[in-house]
Amino acid sequence: MKKINVGLIGFGTIGTGVVKLLKKNRNEIMRKTGINVQLKKIADLDVTSDRGIHLEKGILTRNVNQIIKDPEIDLVVELIGGVTKARELIIKALYNGKHVVTANKALLSLHSRELFKIADKNNRMIGFEASVCGGIPIIKVIRESLVANKIKKIMGIVNGTTNFILSQMEEKDLDFNKALQLAQKKGFAEANPDLDISGEDAAHKLQILASYAFSTDIPLKKIYFEGIEKIDIQDIRYIQELGYKIKLLAIVKMDKHNRIECRVHPTIIPKDYLLASVKDEYNAVFIEGDASGGQIFYGKGAGSLPTASAVVGDIIDIAKSCEESRGASYSEIFDLHSKIVIKKFADFSCRYYLRFHTKDQPGVLAQIGKILGNHRISLTSVIQKETGQKVVPIVMLTHLAKEDDIQRAIRSIRKLKIVKNPVKIIRIENSD
Ligand code: HSE
């Protein structure tokens, strides 16, 4: 039986899941794959907490060098998160001839080109399935099942925390902070939940997905991201009334001139879309290939065992393909001759939801409508309700418009004396 010796760095939520899974399904894994995954060492700064697992003596250490420098260890699993230290450890592990499996999306979104180059140079592999959407095997789908396709579009709910918050706000009428506290209690928010709320965690995942799907290195700074912190219950009610739902979506699509746009933002989608029915902490990714058409992948995008499932899958994949060197390599990920252009934010286009607060007096709609018209923005619906108040909300949905036109129009509208704060802009996608 083939054996692979593994060293695990980081014995937190996912690390604990990996050890539990390897113990629980040991026989199953060996029977199905013919591979004996031997966990040789675990390194963590905390060697005293009870994780509810029995470990043989001597396995747990505070010293990462006992893994990185152990010539018997074939593969290092990095689960410490963060960028600087994790990068250093992975580079050392690769130079020391070890394969690497990581769930570290922040690190990969910044340094994948460097890391994959080093891996290639040392004839080692990096598995990163767990970095995007936890338990959903989306990287493998792009790499293997859809390899014959030119990818046209990916649209996904890739952050469980924000999906949970929006679902709770929508269904239980909870305010933002209550819903966030609940998400943190359930353990799927990042250590710093700002990364979730601001859309940055989703941008990290989109960087990885999009770079891989389009074989090009998309600089993280070219990905526009906006979080859910400004979504309030009023918007959610209007959106529901109009027959839509709101989700934080990570979107990448290619136009016919080979230009791609990459963006993460709260997105309004029709409520009968499959993505609209993805609730709570669940993730889902829609991928459209030129041959396959559209497909949706759904599941748990975070959490101890779902993410461990992706980590262990990568370990086995690497163990199986060691001789053939078949894992993701630098040339597979980055097409050095890629002619893909990444669109600027100003050139994006989609439909928009706009909410203004205005004085209730003659000529208000005409003034706003005129500015929108001057910027080539056409409306599909307008709602103003009788409230009896002096300042009233007006909600407008637009036809397809250019981001630049919207931003310019909104700047002019904000200057009108009749318009009060806040002015809300939420983007709409209506084809999945
Ligand atoms: N904080 C992330 C989420 C965890 O909420 O989806 C998984 O990457």
Side-chain angles (χ1 to χ4, degrees), residues 10 12-18 21 77-83 86 101-110 112 127-140 154-169 176-210 212 220 223 225-229 231 246-251 264-267 275 278-286 297-314:
T13 310
I14 307 171
T16 304
V18 169
L21 185 59
V77 177
E78 179 277 309
L79 296 173
I80 59 168
V83 175
V101 170
T102 178
N104 196 327
K105 55 233 156 156
L107 173 69
L108 289 175
S109 68
L110 287 167
S112 50
F128 57 103
E129 183 66 71
S131 65
V132 182
C133 294
I136 308 176
I138 198 70
I139 300 294
K140 211 176 174 76
I154 299 179
M155 198 154 86
I157 296 169
V158 298
N159 183 274
T161 304
T162 45
N163 202 47
F164 180 85
I165 292 173
L166 291 172
S167 303
Q168 296 288 310
M169 287 174 76
F176 179 84
N177 288 324
K178 269 243 159 61
L180 170 60
Q181 276 163 18
L182 260 177
Q184 283 176 298
K185 220 162 114 191
K186 288 185 167 252
F188 32 75
E190 294 298 303
N192 168 10
D194 288 352
L195 281 175
D196 297 299
I197 305 310
S198 66
E200 197 173 341
D201 175 74
H204 291 156
K205 293 167 182 163
L206 181 62
Q207 195 282 339
I208 298 167
L209 271 182
Y212 201 36
L220 188 58
I223 298 182
F225 68 89
E226 185 184 304
I228 62 163
E229 56 278 70
I231 302 299
I246 183 157
K247 296 285 172 196
L248 183 79
L249 291 191
I251 301 168
V264 172
H265 48 68
T267 311
L275 283 179
V278 176
K279 281 199 238 169
D280 293 331
E281 72 272 28
Y282 281 84
N283 283 193
V285 182
F286 167 85
F297 301 86
Y298 167 87
K300 289 189 174 165
S304 180
L305 283 174
T307 313
S309 152
V311 169
V312 175
D314 269 351

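Start at 1 and go down the list; that is how both ligands and their atoms are numbered.
By the side-chain contact (heavy atoms from CB on, under 4.5 Å) test, Ile80 is found to be paired with Ile9, Glu78, Lys85, Ala86, Leu89, residues two or more places apart in sequence or in another chain being considered.
If you number the atoms of ligand 1 from 1 as listed, the ones under 4.0 Å from a heavy atom of Lys205 come out as 2 (C), 3 (C), 6 (O), 7 (C), 8 (O). Residue Asp201 approaches ligand 1 through these ligand atoms, each under 4.0 Å from one of its heavy atoms: 2 (C). Residue Asp196 approaches ligand 1 through these ligand atoms, each under 4.0 Å from one of its heavy atoms: 1 (N), 2 (C), 3 (C), 5 (O). Counting atoms of ligand 1 from 1 in the listed order, those under 4.0 Å from a heavy atom of Gly301 are 7 (C). Those atoms of ligand 1 that come under 4.0 Å of a heavy atom in Ala302, given as number and element, are 4 (C), 7 (C).
The nearest protein atom to atom 5 (O) of ligand 1, hydrogens excluded, is given as Thr161 OG1, 2.6 Å; this is a heavy-atom distance. For atom 6 (O) of ligand 1, the closest non-hydrogen atom on the protein side is Gly160 N, 2.7 Å. When hydrogens are left out, the protein atom nearest atom 8 (O) of ligand 1 is Lys105 NZ, 2.5 Å; that is the closest non-hydrogen contact.
Side-chain N/O atoms of Lys300 and Asn283 include no donor and acceptor closer than 3.5 Å.
Between Glu200 and Lys105 there is no salt bridge, since no side-chain N of the basic residue sits under 4.0 Å from a carboxylate O of the acidic one.
A parallel orientation is assigned to the rings of Tyr282 and Tyr298, their planes being inclined by less than 30° (bins at 30° and 60°).
The two residues Glu129 and Ile136 make their nearest non-hydrogen contact at OE2-O, 3.3 Å. When all heavy atoms of Ile246 and Leu166 are compared, the pair lying nearest together is O-CD1, 3.8 Å.
Heavy-atom proximity to atom 4 (C) of ligand 1, evaluated over Glu190, Lys186, Glu281, His204, is greatest for Glu190.
Counting only heavy atoms from C-beta outward, the side chains of Thr161 and Gln184 never approach each other to under 4.5 Å.
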